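Here is how names work: the chains are called A, B, and so on, in the same order as the sequence lines, proteins then strands, and each is numbered from 1. Keep in mind that what you see is a predicted model, and the values were worked out from it rather than measured.
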There are 2 protein chains.
Amino acid sequence: MLTDRQLLILQVIVDDFIRSAQPVGSRSLSKKDEISFSSATIRNEMADLEELGYIEKTHTSSGRVPSEKGYRYYVDHLLSPQVLNKQDITIIQSIFAERIFEFEKIIQKSAKILSDLTNYTSIVLGPAASFNKLKRIQIIPLSKESAVAIFVTDSGHVENRTFYLPPTVDASDLEKTVNILNERLTGVALEDLNDKIYKELAMLLRQHIRNYDLMMHTIADSLKMPANEKLFFGGKTNMLSQPEFHDIGKIRELLQMIDHEEWIYPLIKNDSAGINVKIGRENKNSAMENCSLITATYSVGTEKLGTIAILGPTRMEYSRVISLLQFLSKDLTSVLTNLYQK
Amino acid sequence: MLTDRQLLILQVIVDDFIRSAQPVGSRSLSKKDEISFSSATIRNEMADLEELGYIEKTHTSSGRVPSEKGYRYYVDHLLSPQVLNKQDITIIQSIFAERIFEFEKIIQKSAKILSDLTNYTSIVLGPAASFNKLKRIQIIPLSKESAVAIFVTDSGHVENRTFYLPPTVDASDLEKTVNILNERLTGVALEDLNDKIYKELAMLLRQHIRNYDLMMHTIADSLKMPANEKLFFGGKTNMLSQPEFHDIGKIRELLQMIDHEEWIYPLIKNDSAGINVKIGRENKNSAMENCSLITATYSVGTEKLGTIAILGPTRMEYSRVISLLQFLSKDLTSVLTNLYQK
DNA sequence: AATTAGCACTCGACTTCAATGAGTGCTAAC
DNA sequence: GTTAGCACTCATTGAAGTCGAGTGCTAATT
């Protein structure tokens, strides 16, 4: 469809605009080393590219700016995969330098470092606790009327819930219940706990426990796991330094979105494995109109665990960001696989 | 020092400016009901007030704007305590409507509601976990090399740490240790644990445990509690709607500060009990130059637990915010006292 | 037939200028 | 002591003009 020359021009326009944030004119293009033809020729080609929807003018006599379609084409076909420099690699690897046992710390550090390296906003979706397998349940009475239930998973994740414990429940029953739960539920994924309690343990509990009904509901209730995994951010304010965000209204909209975690999930979830690029309105979100989101998944073994993402302006350094995410997600996956898949 | 008329004028200027965000001129002042003298008189008085440093001009021929000193005087002497309307009271009390067992939920909801009611940013400093008394320690091995230690406090707060557990430590020793810890440390404040372990338990452990040294250090290490209490925010982006923040640089500075929790602590800690107002540069923080911070403390019984604060522009509705904070902190204190002081 | 030089034209960005009006300070009259 | 009156200041607004980087089109060149 597009001639080689048009491709070249499109690529140079996108590259230049990503660098400078200024509309690109035919004259400045013609001066580039890669380009050997005159500005008039470029103007003709640009007119064609514009007609095809790959580039746009900001006003009648301005230079050209990539359209979303242009970025999309650029990302899909023109991206020259950038090799990370040693410094970047060292910095990323520093995430794993310390002996860290907790997911969260690693994840958090990843978010911080990603945003520092890119100057964009990073979003890391932590591992879904619901996949973890239960290791131990503990119930500890606090007062006459309340107790705290603690759930430890095989990955070392600890969940806890304080709940109302009617004084009518006696200690030995509680103990028995906990024993039964531990016996029967160890190794079960958190998300399946509730189901399993009702389906398989109801009978058993009924046999042994006096206050069976109350007990079951109380515990099952407190087991309603949070629907969403934890999100970590880095560089929330980095977008404020991007020249495209001079408008406070836009900024407010964007920051407001970032501060509403529940609005972020739909953006970064449900992405297939590997790198995923969503440009501008592809994100189906008005606050993201001038933003692109690049996501990558990380796993333990073959099981997808979470997502790391970079949120930047559509005029984002796609090549660099993709390389960084690829590298980090690979590292994360291998470190986590080593650590937890034994 | 100041005449009654000067006080009146200062008060009306501050009130008006808080409402309109526009410099106040002598003519518009003279039209107010409260004011019965001519604009020329007002001009004379304003000149005096300016000389004394209570008000300022933005340029030679502009109306007047309160200075920090002016706000300070206003807050200290001219504030007409505002009575909260019923709606506000209802909304605040809705925080406690549900039966909630966890501090965090209450605190979080308080932050949200405060920012909604004021349209400023709210900051709530959660209760210092370190004051809580230990209820139970549990150590649960995860793999050959790691285990998680769980600390439950009498308030239902759960802390956990994953740590490296050398394979050389055997199970019975671990159990013995945990038993000893529980026996000796229950009721001790979290912040004193470390001390107590080294001073009082070292001997005891040495007698019973083979790998005593290693064990002790591992556990004591994982007991290093986070130095700071948790912070909760509401309305982080509210400041973006304030007309004084049209400058992106200023906004960035402010938001950046808000996102660095460690920079927030010094601002809201170390305040004496009760309401505390810091205006502009009184906060000793360049990002806060045009902001005021109003804080209030809440307690259980007589023990100060945490702080609730509102961050707004210096042109803030002091009267309303102070009333809200007073009311909420009183409610928080009484609810928490009922809940936990038994 | 493709490329390029040349040129008229467009339009945002910036500057200048004058008009407007909300504000001031000062003086003199009340 | 208060106020009316007046000259003065200065931010804001809008109109007019210049500049320059850009375009599209046409005609000459390769």
Side-chain angles (χ1 to χ4, degrees), chain A residues 2-10 12-17 19-67 70 243-244 246-247 315, chain B residues 2-10 12-17 19-67 70 243-244 246-247 315:
Chain A
L2 293 178
T3 67
D4 281 358
R5 196 165 65 188
Q6 286 172 326
L7 293 184
L8 175 62
I9 289 177
L10 177 56
V12 177
I13 288 177
V14 178
D15 281 336
D16 194 77
F17 184 67
R19 196 182 40 74
S20 70
Q22 296 299 323
V24 188
S26 57
R27 204 177 124 75
S28 71
L29 269 192
S30 71
K31 290 209 187 112
K32 303 241 163 197
D33 288 345
E34 309 94 298
I35 285 179
S36 52
F37 27 92
S38 78
S39 67
T41 310
I42 296 173
R43 279 200 290 284
N44 290 328
E45 298 285 30
M46 290 207 295
D48 291 348
L49 282 171
E50 184 172 9
E51 209 165 328
L52 292 167
Y54 293 101
I55 54 182
E56 292 167 345
K57 284 189 281 199
T58 60
H59 58 88
T60 358
S61 70
S62 77
R64 301 310 210 290
V65 156
S67 67
E244 31 269 275
H246 36 62
D247 173 36
R315 186 189 63 75
Chain B
L2 294 178
T3 67
D4 281 356
R5 195 165 66 189
Q6 286 173 326
L7 292 184
L8 175 61
I9 290 177
L10 176 55
V12 177
I13 289 177
V14 178
D15 281 334
D16 195 77
F17 184 67
R19 198 182 37 74
S20 71
Q22 296 298 324
V24 188
S26 58
R27 203 176 126 74
S28 71
L29 268 193
S30 70
K31 289 208 188 115
K32 303 241 168 201
D33 288 345
E34 309 93 298
I35 285 179
S36 54
F37 26 91
S38 79
S39 64
T41 309
I42 296 173
R43 280 201 289 284
N44 289 329
E45 296 286 28
M46 292 206 294
D48 290 348
L49 282 172
E50 182 172 9
E51 208 167 326
L52 293 168
Y54 293 102
I55 54 180
E56 291 167 345
K57 285 189 279 198
T58 59
H59 58 88
T60 357
S61 70
S62 77
R64 303 308 211 288
V65 156
S67 67
E244 31 268 276
H246 36 60
D247 174 37
R315 186 190 63 75

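Note: NZ (B:Lys57) to P (D:dA11) measures 12 Å, nearest angstrom. Residue B:Arg64 contributes atom CZ, which lies 15 Å from atom P of D:dA11 at whole-angstrom precision. One can place CD1 of A:Ile55 at 9 Å from P of D:dT23, the figure rounded to the nearest angstrom. If you measure from atom CD1 of B:Ile13 to atom P of C:dT24, you get 9 Å, rounded to the nearest angstrom.
B:Ser62 comes within 4.0 angstrom of sugar-phosphate atoms only, judged by non-hydrogen atoms across all strands, and of no base.
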Which protein N or O atoms sit under 3.5 Å from an N or O of nucleotides 7-9 of chain D?
residue: D:dT9; atom: O3'; partner: B:Thr60; partner atom: OG1; Å: 3.4
residue: D:dT9; atom: O2; partner: B:Ser61; partner atom: OG; Å: 2.4

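Neither OP1 nor OP2 of D:dG1 sits under 4.0 Å from any side-chain N or O of B:Arg5.
Expressed to the nearest 0.5 Å, how far CD1 of B:Ile13 lies from OH of B:Tyr54 amounts to 13.0 Å. Taken to the nearest 0.5 Å, the CG atom of A:Leu10 stands 9.5 Å off from the CG atom of A:Asp15. Between atom CZ of residue A:Arg64 and atom CD1 of residue A:Ile55 there is a gap of 5.0 Å, rounded to the nearest 0.5 Å. Taking OG1 of A:Thr3 as the reference point, atom CG of A:Asp48 lies at 8.5 Å (rounded to 0.5 Å). In this structure, CG on B:Leu29 lies 11.5 Å from OG on B:Ser38, to the nearest 0.5 angstrom.
Considering only residues two or more places apart in sequence or on other chains, A:Arg5 meets the side chain to side chain donor-acceptor pair (under 3.5 Å) condition with A:Glu45. Residues passing the side chain to side chain donor-acceptor pair (under 3.5 Å) test with B:Asp16, sequence neighbours excluded: B:Arg19, B:Lys32.
When distances run from any side-chain atom of A:Ser38 to the nucleotides D:dT3, C:dA5, C:dT24, the shortest one goes to C:dA5.
Heavy-atom distances under 4.0 Å link DNA chain D to A:Arg43, A:Met46 of residues 43-53 of chain A, given in residue order. Of the residues in residues 26-33 of chain A, those placing a heavy atom less than 4.0 Å from an atom of DNA chain D are A:Ser26, in numerical order.
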Query raised in the report: What would the secondary structure line of DNA chain C be in dot-bracket form, counting Watson-Crick and G-U wobble pairs under 3.5 Å, with [ ] for pairs that cross earlier ones and | for pairs with another strand?
Result: ||||||||||||||||||||||||||||||
